[in-house]
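Chain letters run A, B, ... following the sequence lines, proteins first, then strands; residues in each count from 1. Please read all numbers here as calculations on a predicted model, not as lab measurements.
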Number of protein chains: 2
Amino acid sequence: MKISEGVEWGLHSAVLLAVLPRGTALPTARLAEYHGVPAAYLAKHLQAMSRAGILEASQGPKGGYRLARPAGEITALDVIEAIDGTEPAFVCTEIRRRGPTAMPAREYRLPCSIHALMNRADAAWRAELASTTIADFSVQMLEHASPKAVAKGAQWLQEVLA
Amino acid sequence: MKISEGVEWGLHSAVLLAVLPRGTALPTARLAEYHGVPAAYLAKHLQAMSRAGILEASQGPKGGYRLARPAGEITALDVIEAIDGTEPAFVCTEIRRRGPTAMPAREYRLPCSIHALMNRADAAWRAELASTTIADFSVQMLEHASPKAVAKGAQWLQEVLA
DNA sequence: GGAGTGATACTCGGATATCTGGTGTCCGAGTTTTCGCGG
DNA sequence: CCGCGAAAACTCGGACACCAGATATCCGAGTATCACTCC
């Protein structure tokens, strides 16, 4: 079990887009440059976020991506599900119904206990991830980062948007 | 992100081994037959559980696997980590340190906010999974299953152990 | 009848192929900008 | 100077290779059982 690396890229990209001045956008190439990742592959994940309604894309010169709604209304879970899919990690294949002790289907009204626990664990995971928004990340990162780093980032943004 | 199918097999196998009479064991072939899964592949996961100290193996005729400790002391998380590994699903690649805004390493004393959230979510997931033991599963399944199904299973066990 | 012994059959364990999904890349469709031209 | 229009450059979006890990399998090492023999 491993989470796609694209999830990390998508989250960081969303945080960067959250601090963009109103009315501006960042194209894939700039987002990739800022994070030091391959642009062509990052594009794939940004498209997924766009399809999921998290990002909005605009074409042509000065175009690019921007958040489709306020950063406070985008949870980390939203981004993860957009990129990694919404299916739970555990899929019950109902092996209890197979083999020599199999019974008619109507005997299996209640969900498998193992499946139920997996669902509870999955719900706990998602609940934790839904408790933090992109806006929260922005605040935390600006608070924790050194003033120098913040200044460097701000300067980069200014140059790119010029 | 998807959990290996072997995890489901391992958990069900552990539950079956939990209801074995004291002093008996079940070989891979019987466990596979009971669950209707390929024996050769199930063997791989049983070996992993054996390495992790969850199962004990005995060789020769009448040999096979049995639980290495009481079912009440084996959590679902133990089985999952034995088969799927203990590494967290999310691996932070520290992309904040890459790109044009990178700073000297000493500027990054605090963990990345995104990484921290992922760790909390992972901990919540694991905590939920550690709250249920194989013994709990046995009780729940015996309670929820129809008497007919339980009888069928008991009869199968008796024939196999004979 | 009982103990010893050898063969036997059964078990696990790790090393070996195959295949799906994540990783990485590319080019075409569409739109906005912008520059030039005419009024 | 202002409006219009066409070309150009930049953007996203989906379609196409590549690779690691999960899936699936096999055969060899080791051992408890069991039958047979001998005492």
Side-chain angles (χ1 to χ4, degrees), chain A residues 1-10 13 17 23-33 35-66 68 80 82-85 87 89-91 93 95 160-162, chain B residues 1-10 13 17 23-33 35-66 68 80 82-85 87 89-91 93 95 160-162:
Chain A
M1 179 197 50
K2 183 170 167 295
I3 290 182
S4 164
E5 195 172 4
V7 166
E8 185 181 6
W9 301 359
S13 296
L17 291 176
T24 62
L26 274 185
T28 303
R30 295 287 97 66
L31 282 167
E33 175 191 345
H35 294 114
V37 299
Y41 188 28
L42 175 62
K44 195 184 185 74
H45 303 300
L46 294 176
Q47 284 168 28
M49 292 168 74
S50 177
R51 267 195 302 271
I54 294 175
L55 301 185
E56 267 181 355
S58 55
Q59 283 192 334
K62 302 281 174 186
Y65 289 104
R66 64 181 176 278
I80 293 171
I83 294 175
D84 217 54
E87 306 84 34
F90 180 85
V91 286
T93 61
I95 68 174
V160 164
L161 291 177
Chain B
M1 180 198 47
K2 185 170 167 292
I3 289 182
S4 163
E5 194 172 4
V7 167
E8 184 181 7
W9 300 0
S13 295
L17 291 176
T24 62
L26 275 185
T28 303
R30 296 292 153 274
L31 282 166
E33 175 191 345
H35 293 114
V37 301
Y41 188 30
L42 175 63
K44 194 184 187 72
H45 302 301
L46 295 176
Q47 285 169 28
M49 293 167 73
S50 177
R51 269 195 300 270
I54 295 175
L55 301 185
E56 266 181 355
S58 55
Q59 283 193 334
K62 302 284 174 182
Y65 288 104
R66 64 180 175 279
I80 293 170
I83 294 175
D84 217 54
E87 305 83 35
F90 180 85
V91 287
T93 60
I95 67 175
V160 164
L161 292 177

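Toward the 5' end of DNA chain C, the nearer of the two residues A:G60 and B:P27, judged by each one's closest nucleotide, is B:P27.
One interatomic measurement links the two molecules: CD of B:E56 to P of D:dT31, which rounds to 15 Å at whole-angstrom precision. The NZ-P distance, from A:K62 to D:dC12, rounds to 14 Å in whole Å. As rounded to whole Å, 14 Å separates atom C1' of D:dG13 from atom CG of A:L55. Taking atom CG of residue B:L161 and atom P of nucleotide D:dT33, one finds them 14 Å apart after rounding to whole Å. Note: CG (B:L46) to C1' (D:dA24) measures 15 Å, nearest angstrom.
Interatomic distance, B:L55 CG to B:Q47 CD, rounded to the nearest 0.5 Å: 11.0 Å. Going from atom CH2 of B:W9 over to atom CD1 of B:I83 covers 10.5 Å, rounded to the nearest 0.5 Å. To the nearest 0.5 Å, the span separating CE on B:M1 from CG on A:D84 amounts to 5.0 Å. The distance from atom CG of B:L17 to atom CG of B:L46, rounded to the nearest 0.5 Å, is 8.0 Å. Note that CD of A:E33 is 10.0 Å distant from CG of A:L26, once rounded to the nearest 0.5 Å.
Between B:L161 and B:A25, the shortest heavy-atom distance links the atoms CD2-O, 3.8 Å. The two residues B:G53 and B:A68 have their closest heavy-atom pair at O-CB, 3.4 Å.
For the pair B:I3/A:V91, no side-chain contact is recorded, criterion being any heavy-atom separation below 4.5 Å from C-beta on. Side chains of A:S13 and A:M49 form no contact here, defined as non-hydrogen atoms less than 4.5 Å apart.
Residue B:S58 places none of its side-chain N or O atoms closer than 4.0 Å to OP1 or OP2 of C:dT11. Dashed line: the shortest gap from a side-chain N or O of A:R51 to OP1 or OP2 of D:dC12 is not under 4.0 Å. Distances shorter than 4.0 Å separate none of the side-chain N or O atoms of A:S50 from OP1 or OP2 on D:dC12.
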Write out a two-atom table: protein N or O, nucleotide N or O from nucleotides 19-28 of chain C, distance below 3.5 Å.
{"from": "C:dT23", "atom 1": "OP2", "to": "A:S4", "atom 2": "OG", "distance (Å)": "2.7"}
{"from": "C:dT23", "atom 1": "OP2", "to": "A:Y41", "atom 2": "OH", "distance (Å)": "3.1"}
{"from": "C:dT23", "atom 1": "O5'", "to": "A:Y41", "atom 2": "OH", "distance (Å)": "3.3"}

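Out of D:dA32, D:dC10, C:dC12, the shortest distance to the side chain of A:P61 is found at D:dC10.
Rounded to 10°, the angle separating the first-five-pair axis and the last-five-pair axis of the helix from C:dG1-D:dC39 to C:dG39-D:dC1 equals 10°.
Using a 4.0 Å heavy-atom criterion, one finds that B:R30 contacts no nucleic acid atom at all.
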